[in-house]
Each structure stands twice: as C-alpha cells, then as structure tokens.
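Because the structure is predicted, anything quoted here is derived from the model rather than measured.
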Amino acid sequence: MKLFQTIRDEFRFNYGKKKQLISILGIFFIPIIYAGVYLWAFWDPYGHLNRLPVAVVNNDKGAIYDGEKIDAGQKLVNQLRSNHDFDWNFVSADKANRGLEDNQYYMVITIPKNFSSEVANAATTVGAPQPKLKSVTNDRENYISGIIGRNAMVKLQSQTAQQIAKTYTANLVTGVEQLETGFHKASNGAEKLANGAVTLKQSGPQLVSGAARLASSQGTLVNGIAKASTGAQEVASGTKSVYQGNQQLSQGLGQLASAAGQLNGAATKVSQGAQQLKSGLATEVSGAKQTATGASQLAQGLSQYASAHPDVASDPSFQALLQASQQVATGSSQVSSASASLAQGANQLATGTTALQQGLNRVTPKLQQASQGAKQLVKQEPALVDGSQTVASGLAQLQAGANQLQSGTGILERALRNYTNGTTEVAGGATQLASQLNRAVDKMPVLHAQQVISATSNPVGVSQLQAGDVDNYGTGFAPYFLSLGLFVGPLLMSVIVAFRNPAKKPSSGFAWFLSKTLLVGSIAVVQALIADAILLFGLGLHVHNVTDFVLFSLLTSMTFVSLIQFFVTVMDNPGRFIAIILLVLQLTSSSGTYPVILSPTFFRDIHPYLPMTYTVDGFRYIVGGGKVSFMHNDLWHLFLYWGIFLGLTLVYYLVRGRRLTKEDAQHPTSHEGAMVQA
C-alpha cells in the first residue's frame with residue numbers, strides 16, 4: 001500500500017495545486033506548439049507561389065526570321081500573363097531594379113533587347129550566341145525564395161526553349177516538305193528530259209543525213225543559177241540589139257513611107273537589115289529559152305528544197321529568194337515568148353523584103369501601116385530591155401545567196417554532227433539523273449508535320465511516380481516536426497515538473513521511480529494524443545493507419561521522456577543541457593530535412609545511434625505509406641532506448657533510495673524535508 005501512497009502523493013502534489021496544474025496543462029500543448037505551428041506555417045509553401053512577386057522586364061526589339069517579323073520577347077510575356085505560377089509584374093528596368101533593392105520583388109527576369117535576333121540567328125548563323133534570359137534573385141531577402149526563383153527559371157527556360165524549338169522545327173519541316181515536292185517535280189522533269197533526249201538522239205542521224213543531202217543539192221542549185229545568170233546576160237544583150245534594130249526599122253519605114261521612090265534603092269539595105277534582125281532575134285530566142293529554162297529549174301529546185309526542209313523554208317531570207325526565183329521564171333517565160341514572136345516577125349520581114357523588090361508598088365500602100373507598127377514596137381522595147389536587165393541583176397544576187405547558202409549548209413552539217421554527239425551524252429546523263437532522283441524520292445521519309453514538330457521540340461517526356469503518398473511540404477515534414485515536438489515537450493516539462501525530488505518521502509526507491517515515471521509518462525501520453533488529434537483533425541494530416549500512427553506517437557513520446565527523465569533526474573540542469581545537445585544532434589543527423597548522406601561525416605557517423613533517426617523513419621512509413629514490416633527496425637530500436645533509459649533511471653532511484661534510507665536511519669528527522677525540497 002505504501003507504493004500506491006507514494007504514487008498518489010506525487011500526482012496530488014502536481015495536479016492538486018492550481019498554479020502547478022495550469023503549468024502542466026500548458027505543458028500538454030508544448031509538442032503541438034512546436035510541431036503544429038511549424039507544420040501550419042510550412043504546410044504547402046509551393047502551393048502559394050502566386051503570391052511571390054517577380055518583376056519581368058521586356059527589352060526585346062524583335063527581328064526578322066525567314067522573311068517574317070518575329071517577337072520572341074513579347075510572345076514570352078504573353079505566355080507569362082496566362083501563367084499564374086508567380087505574381088508576375090511587367091515593369092520597366094528602373095522600376096524592377098528599385099523594387100529589387102527595397103525588397104519589393106524577390107526576382108527580376110530581363111528579356112534582352114536582342115533576344116529575338118539571337119533566336120533567329122541561332123538557327124541560321126554558324127557560331128551565333130545562344131539566346132539567354134537574365135534573372136536576378138533577391139537572396140539577401142530570402143535565400144529559399146532565391147532557390148525557388150532559380151528553379152522557376154530552369155522551368156521557364158525549358159518552356160521557352162520548347163516554343164523556340166517548335167518554331168525551328170516547323171520551318172525545317174516546311175523546307176523538307178518543299179524539298180520533297182521539288183524532288184518529285186525534278187524526278188518527273190528528269191524523266192521527260194530523258195525521253196526527249198532519247199528522241200533527239202534517235203532523230204540526230206536523220207538530221208545529219210538531211211544536211212548532207214542539202215549540201216549535195218546546193219551544188220546543183222548553184223550551177224543552175226550560174227547558167228540562168230549567163231542566159232539572162234545574153235537575153236539582156238540580145239534585147240538591147242533588138243531595140244536598136246527596131247529603132248532603125250522604124251526610121252527606115254518612115255523613110256519608105258515618106259519617099260517610096262527611094263525604096264528600091266534602099267531595098268538592098270533593108271534586106272540586109274532584115275537578115276541582121278533575123279540573126280539577132282534568133283540569138284535572142286535561144287538566150288530567152290535558156291533563161292526561161294534555168295529560171296524555171298531554179299524555182300522548182302528551191303520549191304523542192306523548201307518541201308524537204310521545212311525548217312529552212314520558214315527562214316524569211318529563203319522565202320524572199322524563192323519568191324524572186326518564181327518572178328524571174330515568170331518574166332523569163334514572157335521574154336522567151338516575146339522573143340519567139342519577134343523571131344517569127346523577123347523571118348516574115350526577111351521574106352517580105354525579098355518580095356519587096358518584086359512588088360514594091362503593091363507594098364507602098366502598106367508601108368504606112370508598117371511604119372506605125374514599128375513605132376509601137378519601139379515604144380515597147382525599153383520595158384523589155386529593163387526587164388531583161390532586172391532578171392540578170394536578180395540572178396546575180398541569187399547566185400551570191402546560193403554561194404552563201406552552200407557555205408552555211410556545210411557548217412550546218414558539221415554542227416549537226418556535234419549536236420548528235422551531244423544529244424547522246426545528254427540522253428545518257430538525263431537517264432542517269434532521272435534514275436537517281438527516283439531513288440532519292442523513294443528513300444525520302446514520309447513526314448507527318450505535327451508529329452515531327454512535337455517529337456523534335458519535346459523529344460523526351462518524364463513519367464514521375466512517387467514512392468509514397470506525400471502531397472505537400474507539411475506532409476513531408478510532419479515526421480520531423482512531430483518528433484521535434486515530442487522531444488521538446490518532455491524537455492520543457494522538466495522545468496515545470498520535478499523529475500527527481502518527490503512530493504513526499506517515498507516508501508522505497510522503486511516507489512519513488514514508479515511515481516515519477518507514471519507522472520511524466522502520463523503527461524507525455526497526453527502531449528502525444530493532443531498533438532496527434534490536432535495534426536489529424538486540425539491540419540488534416542493524412543496517414544494510412546490512424547491506430548498505428550497514434551501508437552507509434554505514444555512509443556516515441558515515451559522513449560523521449562525516458563531519455564530526458566534519466567539525464568534530468570541524474571544531473572538536473574546539466575542533464576537538461578545534455579538533452580538540448582542531444583536534440584541539436586538529432587535534428588542535424590536524423591534526415592528530417594536533407595538526407596543525412598549529404599551531411600558531413602560526423603553527422604553520418606552518429607546517425608544510427610540516436611533515437612530520433614528511428615522516430616522520423618517510422619513516422620514516414622505511417623504517413624507516406626509503405627510496408628509496416630519495414631518499421632520493425634525502428635520499433636525495436638525505440639523499445640531498446642526506452643528500456644535502457646528506464647532501467648538506468650530505475651537503478652538511479654534504487655541506489656538513491658537506499659542511500660536515503662541509510663541516512664534516515666542514522667538521522668530520522670533530518671532528511672525528509674530536505675528530500676521534498678531538493
């Protein structure tokens with residue numbers, strides 16, 4: 001019964017006094033003040049980044065890319081206006097700098113004036129500088145905000161690069177599509193070129209043969225024109241002689257008409273003139289026939305040449321030549337006919353002069369008529385003379401043109417041989433070109449424009465899975481801050497509640513230990529339950545199993561209170577100092593914030609030997625999810641710490657109880673008050 005009396009006295013002393021009770025009630029909330037307030041303040045800071053003011057300065061002047069105006073800076077600004085990740089403020093450079101100095105902005109993003117031109121040059125100019133966005137973070141005001149800002153810049157850089165890459169890729173795909181279309185057209189054109197070249201190659205020998213025949217016929221043409229020219233000269237000469245004879249005839253007939261008496265005397269002369277006239281006209285008839293024959297052959301030869309060579313027939317010079325030859329042939333035919341008539345008249349004249357002497361008296365009346373006919377003949381002769389001279393001149397020009405035509409035909413024949421050789425090479429090259437282009441078209445990939453743009457601008461995606469149900473900072477830091485609160489609670493409890501001195505003289509060392517352990521343990525249990533209730537129902541902390549969470553919180557609280565109870569009971573204030581040192585070491589080595597693997601060697605070495613290492617790890621399994629079997633290591637470590645420090649505290653009370661019992665036996669009344677107030 002004395003055991004329970006000691007326990008009752010201890011509880012009555014602490015809970016029976018109003019002032020002490022108020023202090024203990026305040027101690028109940030110490031863990032949640034630490035854990036709850038910290039978690040409440042930092043529950044989800046990344047969920048409120050839209051409150052973080054960031055200045056954006058757009059100095060971009062725009063640029064021309066691929067013939068079009070681009071404004072990459074303004075496009076980025078428009079993108080940010082629809083982005084609510086931060087509190088974007090689009091201001092001037094001066095205002096941004098002033099705002100950064102007076103802590104109005106946590107970060108300033110500057111788009112340089114040559115941003116668009118650098119974006120354009122990066123895809124078209126070798127060695128062009130990389131487009132850059134400039135940022136300045138206000139680490140002086142808050143270092144974490146600077147880290148957040150720099151992380152945001154990385155994300156912004158990625159988004160901007162993706163947009164620019166889409167533009168580059170879209171232009172590239174357009175060019176490739178145009179190239180593919182051009183290849184198809186070039187392939188079709190090459191096939192047509194090859195077919196045409198083969199046709200030219202096949203017609204080449206015919207052209208050469210035709211040129212050879214043309215060159216051969218040119219000789220005949222030139223000879224015929226030469227003969228026609230000679231005949232025309234003779235015609236011109238004979239026509240002139242006829243003209244002179246007709247003039248004499250006209251004068252003689254006039255004289256006969258005016259002086260018939262003198263006719264007999266002149267009959268001899270007339271007979272001679274008639275013979276001369278007959279001879280001259282005979283010559284004229286022969287020349288006229290030759291001229292008509294040559295001109296006709298020339299016209300027929302040119303017509304046949306034009307029929308055989310349509311390409312030459314279309315030449316204006318050749319057409320003029322053909323027309324002139326036809327006119328010459330017509331005129332020559334007329335001259336020949338007229339000359340035949342003259343020759344016939346001359347024959348009749350000769351016959352008449354012979355009979356003149358025989359029947360002069362009968363001829364005299366007719367002399368007047370003959371005189372008039374001779375005059376008319378003289379009037380027509382100048383036109384005949386001019387026509388024969390024109391024929392002679394035209395044939396001379398025709399002969400010169402024929403000579404030039406013969407020379408050009410030889411050149412044409414040689415050129416056509418070279419042309420045939422060239423068409424052979426063209427046919428081979430065009431066929432090879434068409435074949436290679438067809439292969440290139442077959443090997444070109446099939447492009448899907450939007451798919452290529454998407455794959456190029458965003459080639460790799462990220463599929464992120466979380467090994468744990470941790471939605472925000474509060475959930476992630478709950479194991480750390482709850483462990484901190486449950487440690488600080490007993491530490492501050494030791495200031496209000498006497499961990500060593502009993503309320504009244506204990507019946508034994510064990511009763512003394514049990515009364516103190518039950519007292520501080522009960523307070524620690526209440527602290528843990530209050531902290532759990534506020535976290536679960538006040539802040540909405542999500543856990544996978546509420547029972548496991550509460551039980552593990554109680555185990556954590558009892559482990560920490562047993563540790564603090566030992567140091568404070570044994571050493572009093574120095575013990576509290578040691579507990580504070582242990583708290584600091586645990587906060588820096590428990591991986592509650594950053595992984596301990598990133599810490600210096602000292603903290604990595606002490607990490608396995610401190611109890612908060614296992615409380616943080618255990619809470620993470622319960623809060624974040626995972627196999628409960630992985631907590632076995634945490635559980636047995638905490639039970640081990642709890643048992644060891646409870647055992648050490650029990651040893652202290654047992655030893656101290658025996659010592660006080662001996663002293664009390666020696667001095668029955670001297671130690672009781674001292675024990676109570678110690």
Side-chain angles (χ1 to χ4, degrees), residues 10-43 472-499 515-565 568 576 579-580 583 586-587 590 592 611-612 614-616 618-624 634-635 638 641-642 646:
E10 192 66 40
F11 275 83
R12 182 179 297 173
F13 176 79
N14 286 279
Y15 290 106
K17 296 180 180 181
K18 184 177 180 180
K19 183 177 180 181
Q20 185 71 5
L21 178 61
I22 293 174
S23 298
I24 292 176
L25 291 177
I27 291 173
F28 287 157
F29 291 90
I30 291 298
I32 197 57
I33 289 175
Y34 271 82
V37 172
Y38 273 114
L39 290 176
W40 184 24
F42 304 113
W43 187 256
N472 48 46
Y473 265 69
T475 303
F477 279 114
Y480 176 66
F481 285 122
L482 182 57
S483 297
L484 170 63
L486 294 178
F487 192 94
V488 172
L491 184 59
L492 294 182
M493 184 201 311
S494 69
V495 178
I496 304 300
V497 178
F499 274 25
S515 63
K516 290 296 183 180
T517 300
L518 290 177
L519 175 65
V520 299
S522 64
I523 297 175
V525 168
V526 175
Q527 287 178 333
L529 293 176
I530 292 175
D532 290 347
I534 293 178
L535 290 178
L536 292 173
F537 305 108
L539 295 181
L541 178 66
H542 172 74
V543 297
H544 286 266
N545 190 300
V546 175
T547 302
D548 290 344
F549 177 71
V550 172
L551 291 176
F552 193 78
S553 299
L554 294 175
L555 175 60
T556 298
S557 184
M558 297 306 297
T559 301
F560 287 156
V561 77
S562 67
L563 183 149
I564 295 171
Q565 181 186 8
V568 174
R576 292 188 184 90
I580 292 174
L583 174 62
Q586 290 181 114
L587 294 178
S590 63
M612 193 175 289
Y614 304 101
T615 63
V616 170
F619 278 126
R620 281 176 172 164
Y621 278 109
I622 296 174
V623 173
D634 302 321
L635 292 173
L638 293 180
Y641 284 119
W642 187 19
L646 278 179

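- A pairwise comparison of heavy atoms in Ser557 and Ala528 identifies CB-CB, 3.9 Å as the closest pair.
- In this structure, Ser494 contributes its side chain and Leu491 its backbone to a donor-acceptor pair below 3.5 Å.
- Checked options Ile496, Val495, Val497; the residue passing with Met493 is Val497 (criterion: side-chain contact (heavy atoms from CB on, under 4.5 Å)).
- Shown here are the side-chain hydrogen bond (donor to acceptor under 3.5 Å, both in side chains) partners of Ser553, two or more places apart in sequence or in another chain: Asp532.
- Nearest heavy-atom pair across Ala498 and Lys516 is O-NZ, 2.7 Å.
- Among Val550, Asp634, Leu635, the single residue meeting the side-chain contact (heavy atoms from CB on, under 4.5 Å) criterion with Leu555 is Leu635.
- A pairwise comparison of heavy atoms in Arg620 and Gly592 identifies NH2-O, 3.2 Å as the closest pair.
- Applying the side-chain contact (heavy atoms from CB on, under 4.5 Å) test between Leu486 and each of Leu554, Thr559, Thr556 identifies Thr556 as the sole match.
- Considering every non-hydrogen atom in both Val616 and Tyr480, the closest pair reads CG2-CA, 4.2 Å.
- Residues Leu536 and Leu541 approach most closely at CD2-O, 3.5 Å, considering heavy atoms.
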Using the side chain to side chain contact (heavy atoms under 4.5 Å, CB included) rule, take Tyr641 and Leu563 through it: C-alpha gap first, then chi angles, then the decisive distance, then the call.
CA-CA 8 Å; Tyr641 284 119; Leu563 183 149; 5.7 Å; no
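- Checked by atom type and distance alone, the side chain of Ser562 never pairs as donor or acceptor with a backbone atom of Leu646 at under 3.5 Å.
- Between Gln586 and Phe487, the shortest heavy-atom distance links the atoms NE2-CE1, 3.4 Å.
- Remark: Thr615 pairs with Ser483 by the side-chain hydrogen bond (donor to acceptor under 3.5 Å, both in side chains) rule, at least two apart or across chains.
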After noting the C-alpha distance and the side-chain angles of Met612 and Leu583, does the key distance pass the side chain to side chain contact (heavy atoms under 4.5 Å, CB included) rule?
CA-CA 9 Å; Met612 193 175 289; Leu583 174 62; 4.0 Å; yes
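- Looking at residues two or more places apart in sequence or on another chain, you find a ring pair (Phe, Tyr, Trp, His ring centres under 6.0 Å) between Phe552 and Phe619.
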Side chain to side chain contact (heavy atoms under 4.5 Å, CB included) between His544 and Tyr621: does it pass, once the steps are laid out?
CA-CA 9 Å; His544 286 266; Tyr621 278 109; over 6 Å; no
Kindly indicate, with the supporting measurements, whether the criterion side chain to side chain contact (heavy atoms under 4.5 Å, CB included) is fulfilled by Leu482 and Phe549.
CA-CA 11 Å; Leu482 182 57; Phe549 177 71; 3.7 Å; yes
